[in-house]
Trainee: 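Take this structure, written in structure tokens, and hold onto it; I'll ask about it next.
As the structure is a computational prediction, the values presented were derived from the model and not from experiment. Numbered from 1 within each chain, the chains take letters A, B, ... in sequence-line order.
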Amino acid sequence: MPKNNAFGYGRYLLSIIFAMSLNIAAWPQPLTPFNPNWILLVVIYWVLAAPDRVGIFSAWTIGLLTDVLTGRMLGLNALINSLVAFLCLRLHKRLRQYPILQQGLFIFFCLLLSQFLIFWITDSQTIARASYTFWLPVLTGTLFWPLVFFSLRAIRLYRRIR
Amino acid sequence: MIRDRTIQIIFCPLWPTRFIFEVIVINPLFATGPSINTRLLVAVVASIALLVAERKSSQLDKLRSVLSMITYPIQSITDWPLHHSKETVESIKSLYSLKEENEQLRQEQLIYKSQLLKYEALEKENIRLRALLEKSFKLGEQVLVAELLSVNLAPFEHIVVVDKGTRFGVHAQQAVLDAYGVVGQVYRALPLNSEIMLITDPGHAIPVQINRNGLRTIAVGSGRINRLILPYLANNADIEEGDLLISSGLGGIFPQGYPVAVVEKIILQPNKPFAEIYATPKAQLNRSRELLIVWKSEAPIPLETQETEQADENHAEE
């Protein structure tokens with residue numbers, strides 16, 4: 001594998017920053033509860049695409065930065081990211097062969113796991129009152145996975161094809 | 001290869017940032033290191049240690065402050081397009097509309113100034129009356145104008161970010177106002193920015209009193225931007241629709257006397273001990289872009305006596 005073309009640090013970092021930006025963007029009020037965890041989706045993509053470069057510790061660090069960015073308890077997103085990265089690393093050989101729909105199912109369960117962890121660890125009044133809308137990001141995240149997957153793959157492979 | 005990188009890291013002036021980037025990008029130490037099970041164990045233990053440590057002590061605030069230096073630029077660039085589009089609209093406004101706005105602002109300023117004149121006289125009178133009652137009280141606050149960043153941290157919490165932090169002396173639990181009323185309180189102060197919890201956050205409560213008769217109660221956030229709940233008032237409490245609620249100053253966070261909300265709807269529940277009362281916040285929570293962070297004056301204004309009146313008047317003027 002050629003050393004520089006296989007993995008673009010710049011694109012990787014930019015995609016993470018862009019995902020962070022999407023996560024905290026001020027969407028119009030009715031759309032707010034639908035906003036999925038873009039950072040987790042992008043981390044999943046990079047773990048699947050370059051498992052030898054992006055691993056559990058990278059995911060953990062990104063999670064820690066996410067915690068600071070969004071004002072969560074330190075370690076919440078770090079825990080989620082490292083667990084999901086672990087699942088992706090374990091299954092990445094199989095997941096790469098799956099059609100996008102089957103991948104979507106896996107993503108759905110990853111996002112569900114992450115939302116459950118938030119539900120259990122955060123002891124805020126807010127979540128207790130949020131009812132079913134709390135779980136909406138799991139669905140929208142799954143629906144946006146193909147978009148994230150194909151756009152990031154296009155970005156990752158852009159220079160190699162040329 | 002690794003040695004080159006180490007030298008680069010040591011000599012790079014921005015090495016903390018660089019180090020974090022290195023960790024995000026690739027960790028050469030673990031490239032052929034422990035198995036992913038071990039790594040997961042380390043990561044999970046580290047996360048849980050952080051979660052527990054933050055609940056037990058405030059030592060981790062420093063870590064958060066340092067990391068917020070990295071994340072603040074991301075919040076700024078997220079805010080940038082919207083901020084910039086607003087500025088563009090401002091700059092291409094026609095001369096006529098600007099003149100009109102200017103005229104309107106001038107008139108408003110005149111009105112406010114004349115009201116302030118009266119306020120100064122009232123303040124003096126109030127101090128004298130309180131001296132008669134032998135009650136000391138706190139008056140006068142310092143404010144700092146902070147600009148809102150249009151970012152949305154978490155979908156279910158009403159927490160906003162402003163561009164002033166501990167660099168400007170902001171600290172947690174300061175009251176935040178806008179031109180119309182109480183907005184919320186500083187939830188977490190970071191070096192470059194701070195997070196502000198709005199009064200409508202479901203986890204927020206503010207001690208209020210009814211302006212008409214001084215009845216005290218607590219207004220709790222509802223999770224909706226235009227609604228507060230007053231859950232602790234009995235069915236026969238003296239409260240009417242349209243009553244103004246002002247901050248009561250109890251609890252020590254919010255200064256006394258600022259408008260908070262207007263009672264909107266009262267639903268009596270004869271079968272329950274408390275009535276269901278809703279209020280609409282006076283502050284324009286989803287429209288204000290400039291917020292005022294308030295410092296309370298520490299020392300209460302001393303009692304005025306006949307002998308020291310002159311000296312105290314000088315003090316009050318300060």
Side-chain angles (χ1 to χ4, degrees), chain A residues 7 9 12-13 16-17 20-27 29 32-35 51-83 85-86 89-90 121-130 133-134 136-137, chain B residues 20-21 23-27 29-31 36-37 39-40 42-44 46-55 60 63-68 70-75 77-79 81-82 149-159 161 187-188 190 195 201-204 221-223 225 286:
Chain A
F7 186 78
Y9 294 131
Y12 166 60
L13 285 177
I16 297 284
I17 289 171
M20 286 180 166
S21 190
L22 280 180
N23 250 37
I24 59 166
W27 303 102
Q29 199 63 35
T32 312
F34 292 93
N35 195 18
D52 51 337
R53 300 301 183 109
V54 185
I56 289 171
F57 289 123
S58 317
W60 188 85
T61 316
I62 292 166
L64 195 65
L65 287 177
T66 312
D67 287 328
V68 177
L69 181 78
T70 57
R72 306 292 90 197
M73 286 181 290
L74 285 181
L76 178 64
N77 279 300
L79 180 66
I80 289 168
N81 280 16
S82 49
L83 279 174
F86 171 77
L89 281 175
R90 271 261 168 260
I121 295 173
T122 318
D123 57 347
S124 108
Q125 290 282 311
T126 335
I127 290 170
R129 291 192 199 184
T133 49
F134 177 73
L136 282 177
Chain B
I20 294 228
F21 274 26
V23 172
I24 295 177
V25 171
I26 179 171
N27 201 331
L29 263 182
F30 292 106
I36 60 169
N37 291 346
R39 293 189 213 184
L40 178 73
V42 172
V44 167
S47 313
I48 291 174
L50 281 175
L51 284 170
V52 174
E54 193 170 34
R55 207 164 281 194
L60 284 176
L63 176 66
R64 192 185 279 276
S65 298
V66 172
L67 290 177
S68 76
I70 302 169
T71 55
Y72 177 64
I74 298 173
Q75 292 179 341
I77 56 169
T78 312
D79 170 63
L82 213 72
L149 297 181
S150 44
V151 295
N152 188 356
L153 295 189
F156 304 107
E157 291 176 357
H158 292 184
I159 291 179
V161 180
Y187 176 64
R188 190 179 276 143
L190 298 166
E195 294 166 16
D201 187 281
H204 192 273
S222 66
I225 202 79
N286 49 358

Trainee: Which bit of I121(A) is near chain B, if near means a heavy-atom gap under 4.5 Å: side chain, backbone, both or neither?
Mentor: both
Trainee: When you check the gap from the basic side-chain N to the acidic O, do E54(B) and R72(A) get nearer than 4.0 Å?
Mentor: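 Salt bridge absent between E54(B) and R72(A).
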Trainee: Can you see which heavy atom on A43(B) is nearest to which on W60(A), and at what distance?
Mentor: O-NE1, 3.3 Å
Trainee: If you take all heavy atoms of S150(B) and A26(A), which pair is closest and at what distance?
Mentor: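 Nearest pair, atom of S150(B) first, then A26(A): O-CB, 3.4 Å.
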Trainee: Which residue out of A59(A), G55(A), G75(A) racks up the most heavy-atom pairs below 4.5 Å with chain B?
Mentor: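 Going by pairs under 4.5 Å, I would pick G75(A).
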Trainee: Taking all heavy atoms of L83(A) and all of V44(B), pick out the closest pair and write down the distance.
Mentor: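 For L83(A) and V44(B), the tightest heavy-atom pair comes out as CD2-CG2, 4.2 Å.
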Trainee: For L153(B), check side-chain contact (heavy atoms from CB on, under 4.5 Å) against everything at least two apart and list the hits.
Mentor: I24(A), Q75(B), V151(B), I159(B), V161(B), E195(B)
Trainee: If you compare all heavy atoms of I77(B) against all heavy atoms of I17(A), which two are closest, and at what distance to 0.1 Å?
Mentor: CD1-CG2, 4.0 Å
Trainee: Report which part of L149(B) has an atom under 4.5 Å of a heavy atom belonging to chain A: side chain, backbone, both, or neither.
Mentor: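 Contact with chain A involves no heavy atom of L149(B) at all.
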Trainee: Out of N77(A), N81(A), L74(A), which one racks up the most heavy-atom pairs below 4.5 Å with chain B?
Mentor: L74(A)
Trainee: Which pair of heavy atoms, one from D67(A) and one from R64(B), lies closest together, and at what distance?
Mentor: O-NH1, 3.7 Å
Trainee: Let me confirm one number: the CG-CD1 distance from L69(A) to I70(B), rounded to the nearest 0.5 Å.
Mentor: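 That separation rounds to 11.0 Å.
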Trainee: Of all the heavy-atom pairs spanning V68(A) and T71(B), show the shortest one and how long it is.
Mentor: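 Looks like CG1-OG1, 3.7 Å.
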Trainee: Is the CZ atom of F86(A) crowded by more than 12 outside heavy atoms at less than 6.0 Å?
Mentor: yes
Trainee: Could you state the interatomic distance from CG (L79(A)) to CG (L40(B)), rounded to the nearest 0.5 Å?
Mentor: 8.5 Å
Trainee: Assess whether side-chain contact (heavy atoms from CB on, under 4.5 Å) is satisfied between R90(A) and N37(B), documenting all intermediate values.
Mentor: CA-CA 9 Å; R90(A) 271 261 168 260; N37(B) 291 346; 2.8 Å; yes
